[in-house]
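These numbers come from the heavy atoms of this one structure, side chains and all, not from hydrogens, waters or symmetry mates. One-based numbering, in listed order, for ligands and for the atoms of each.
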Amino acid sequence: MKVTVLVGSQWGDEGKGKIVDILSANYDIVVRYQGGANAGHTVAIGDKQYILHLIPSGILREGVICVIGNGVVIDPTALLEEIELLEKHGISVEGRLFISHNAHLIMPYHKLLDSISESGGNKIGTTGRGIGPCYIDKYARKGIRIVDLLNRKILGEKIRENLKEKNNLLKKVYEHAELDVDSIIEQYEAFDDAIDKYIKDVPAYLNAAITEGKSILLEGAQGALLDVDHGTYPFVTSSNPTSGGACTGTGIPPTKITDVFGIVKAYTTRVGNGPFPTELLDEVGEKLRTAGAEFGATTGRPRRCGWFDAFLVRYSSLINGTDTVAITKLDVLSHFQEIKVCTGYELNGKPLKSFPTDVEKLANVKPIYETLPGWNTDITKCGSYGELPEATKNYLSFIAKEAGLKPGIISVGPKRTQTFFVD
Ligand code: GDP
Ligand code: IMO
Ligand code: MG
């Protein structure tokens, strides 16, 4: 019996979707615990590619139950689109998908406020999915939750109350047209009709499943460095992707977690603004982007690319308590004669002892690099650790040592088959 937390160890897009799909063959239940449709988790099976935003990536494994926990902020439109898309591919979610009655709903004004606040100065470079404004309302205790859908009277009252304030803000502060309250109420009532069957008391369900000896995989979105508490604030998302968030976001107590599995890309990427010490703004970075097809799965934006940052991953492993990791996209590095790895930072000529999350400092650090020889061989068909070229094994050993990682899975391509376990 396992209750595993799976976390992104960098700035998101590490390949969590692919690895959740692989691991979920050995789990009964997969649960998303934070974030929302800002996530884009890709699973490639045969010649088909699925991009999941809200539904756990375990949905592609027949028989696996998928749950959206209370820590997730749910955009009804995005959820229904995703269910429809899966059904078009012959994947039924009926009886396999459950949603926490305590999860908060993304409302049309959240998306609007997200885009308005990003149109001014001090841009974060958000995904525009209304994530920040929805979590603001959650913590201001004004949010509308899934449970509110079950009582039309309360739902109507809450939406009216919220709209009063939001329309005031839109009109007086942003000089924007007001939103029509009746059509929003109608839209959310229709949503209730569509999702009633999925609503569940998730903490009770998951804790009972643990008692029965079921295995649960808790799927994080984003990554540790985007964590609102431990990431590169303010250039972060508005939730806790780090492993601690898995408990508050599902109702599973910390004493029931058995292990933490990290996902690490063999180099580094970031989408949106904020400091990125190993970023490559030259043709090497461009080559990483092209070889790795580094374009956002949610927004299509080009991802910023750079060398592997062992100093950053060591910090994220500390915060997450990572036991084992999957190292993904190793094949992308086959295109380079030499590969650099950042082993530490210098600030004003002095080496730093710990990772600075203060963005002013982080923007000014100088990465300390070690250069390793590349392997320049196609490794996408390697099916075991032993089949990898010596230079690839050396690279893996080096980053594992520098970042303090225990590799458990190696990924050498986007497909299910391009994956092997390390003993
Ligand atoms: P997530 O958000 O962490 O689930 O990651 P994304 O799905 O946003 O981005 C990862 C991208 O890399 C997707 O397009 C995957 O299909 C792809 N991918 C995953 N693992 C590998 C790998 O080992 N090699 C290559 N070349 N692509 C991979
Ligand atoms: P997955 O789960 C990469 C980034 C955005 C922006 C910041 C805040 O696919 O790894 P938000 O819309 O959350 O308010 O944006 O966070 N971001 C991601 N970057 N992968 C993600 O998810 C991300 N989700 C949000 O680009 O910089
Ligand atoms: Mg992604």
Side-chain angles (χ1 to χ4, degrees), residues 6-22 32-45 48-54 56-57 72-73 75 106 110-111 113-115 117-118 123-136 219-228 231-239 241 262-267 269-274 276 288 290-304 326-335 378-380 382 409-420:
L6 180 140
V7 285
S9 301
Q10 292 148 321
W11 273 296
D13 302 327
E14 298 90 350
K16 297 177 291 294
K18 172 183 168 165
I19 304 299
V20 168
D21 171 64
I22 299 288
R32 267 284 302 272
Y33 60 83
Q34 46 67 237
N38 49 350
H41 295 181
T42 313
V43 183
I45 305 171
K48 278 193 184 163
Q49 177 179 277
Y50 303 86
I51 299 177
L52 297 149
H53 301 286
L54 278 166
S57 309
V72 176
V73 285
D75 177 356
I106 299 235
H110 292 140
K111 288 191 257 188
L113 290 168
D114 193 0
S115 75
S117 71
E118 285 284 288
K123 285 191 188 66
I124 303 294
T126 73
T127 58
R129 298 299 189 267
I131 306 297
C134 184
Y135 280 112
I136 289 174
E219 174 180 356
Q222 289 81 53
L225 276 299
L226 287 171
D227 187 284
V228 68
T232 49
Y233 190 90
F235 300 101
V236 291
T237 191
S238 302
S239 66
I263 314 294
V264 176
K265 199 179 275 192
Y267 49 98
T269 61
R270 170 165 209 172
V271 199
N273 300 334
F276 178 175
L288 272 175
T290 310
E294 294 295 354
F295 295 89
T298 297
T299 58
R301 288 179 290 177
R303 295 175 182 149
R304 300 159 63 191
I327 298 175
T328 63
K329 305 195 88 159
L330 192 58
D331 53 300
V332 174
L333 296 178
S334 300
H335 301 265
D378 179 12
I379 57 166
T380 57
C382 290
I409 291 181
I410 306 294
S411 174
V412 291
K415 296 193 176 157
R416 262 183 184 170
T417 47
Q418 293 172 308
T419 325
F420 49 83

Could a heavy atom of G40 be found less than 4.0 Å from some atom of ligand 1? yes

Are side-chain N/O atoms of T299 and R301 paired as donor and acceptor at under 3.5 Å? yes

Sub-3.5 Å donor-acceptor pair from the side chain of K111 to the main-chain atoms of D75, do we have one? no

For G40, is at least one N or O under 3.5 Å away from an N or O on ligand 2? yes

Under 4.0 Å, heavy atoms only, figure out whether ligand 2 is touched by the backbone of F235, its side chain, both or neither. neither

Do S57 and E219 meet the criterion of a side-chain donor-acceptor pair at a distance under 3.5 Å? yes

Is any side-chain heavy atom of I45 closer than 4.5 Å to one of Y50? yes

Looking only at non-hydrogen atoms, the one of T299, V271, T127, T269 nearest atom 27 (O) of ligand 2 is V271

Judged by heavy atoms only, the candidate from N273, T237, T126 nearest atom 13 (O) of ligand 2 is T237

Please compare G125, G272, G274 and report which has the shortest non-hydrogen distance to atom 6 (C) of ligand 2. G125

Scan side-chain atoms only and decide if Y135 and Q34 contain a donor-acceptor pair under the 3.5 Å cut-off. no

Minimum-distance protein heavy atom relative to atom 24 (N) of ligand 1: D331 OD1, 2.8 Å

Could you work out, for atom 9 (O) of ligand 1, the closest of Q222, K265, Q10, R303 by heavy-atom distance? R303

Of the choices R270, R303, Q222, which has the non-hydrogen atom that lies closest to atom 24 (N) of ligand 2? Q222

Counting from 1, what ligand 1 atoms have a heavy atom of G413 closer than 4.0 Å? 20 (N), 21 (C), 22 (C), 23 (O), 24 (N), 25 (C)

Using a strict cut-off of 4.0 Å, indicate which atoms of ligand 1 neighbour a heavy atom of H41. 1 (P), 2 (O), 4 (O), 7 (O)

Taking atom types as modelled and ignoring hydrogens, do the side chains of K265 and S9 form a donor-acceptor contact shorter than 3.5 angstrom? no

Does N38 approach ligand 2 within less than 4.0 angstrom via side chain, backbone, both or neither, non-hydrogen atoms only? both

May I ask you to check whether S411 and K18 show a side-chain donor-acceptor distance below 3.5 Å? yes

Minimum-distance atom from the Mg ion (ligand 3) among N, O or S atoms of D13: OD1

Mode of H41 contact toward ligand 2 - side chain, backbone, both, neither (heavy atoms, under 4.0 Å): side chain

Any idea which atoms of ligand 1 are less than 4.0 Å away from a heavy-atom of G15? 1 (P), 3 (O), 4 (O), 5 (O)

Run the contact test for D114 against ligand 2 with a 4.0 Å cut-off on heavy atoms, strictly below, and give the result. no

Show the atoms of ligand 1 that are less than 4.0 angstrom away from any heavy atom in G17. 4 (O)

Would D13 count as being in polar contact with ligand 2, using the rule that some N or O on each side must be under 3.5 angstrom apart? yes

Which residue owns the protein heavy atom closest to atom 17 (C) of ligand 1, what's the atom, and how far is it? K329 NZ, 3.9 Å

Indicate the atoms forming the closest heavy-atom contact of H53 with G40, along with that distance. ND1-CA, 3.8 Å

Heavy-atom contact under 4.0 Å between G8 and ligand 2? no

Could you list the atoms of ligand 1 found under 4.0 angstrom from a heavy atom of S411? 20 (N), 21 (C), 22 (C), 23 (O)

With side-chain contact (heavy atoms from CB on, under 4.5 Å) as the test, pick out the partner of I131 among I136, T126, I106. I106

Any N/O/S atom, backbone or side chain, of G12 lying under 2.8 Å from the Mg ion (ligand 3)? no

At under 4.0 Å between heavy atoms, which part of E14 makes contact with ligand 2: side chain, backbone, both or neither? neither

Which ligand 2 atoms are under 4.0 Å away from a heavy-atom of W11? 3 (C), 19 (N)

Looking at ligand 1, does E219 have a heavy atom less than 4.0 Å from it? no

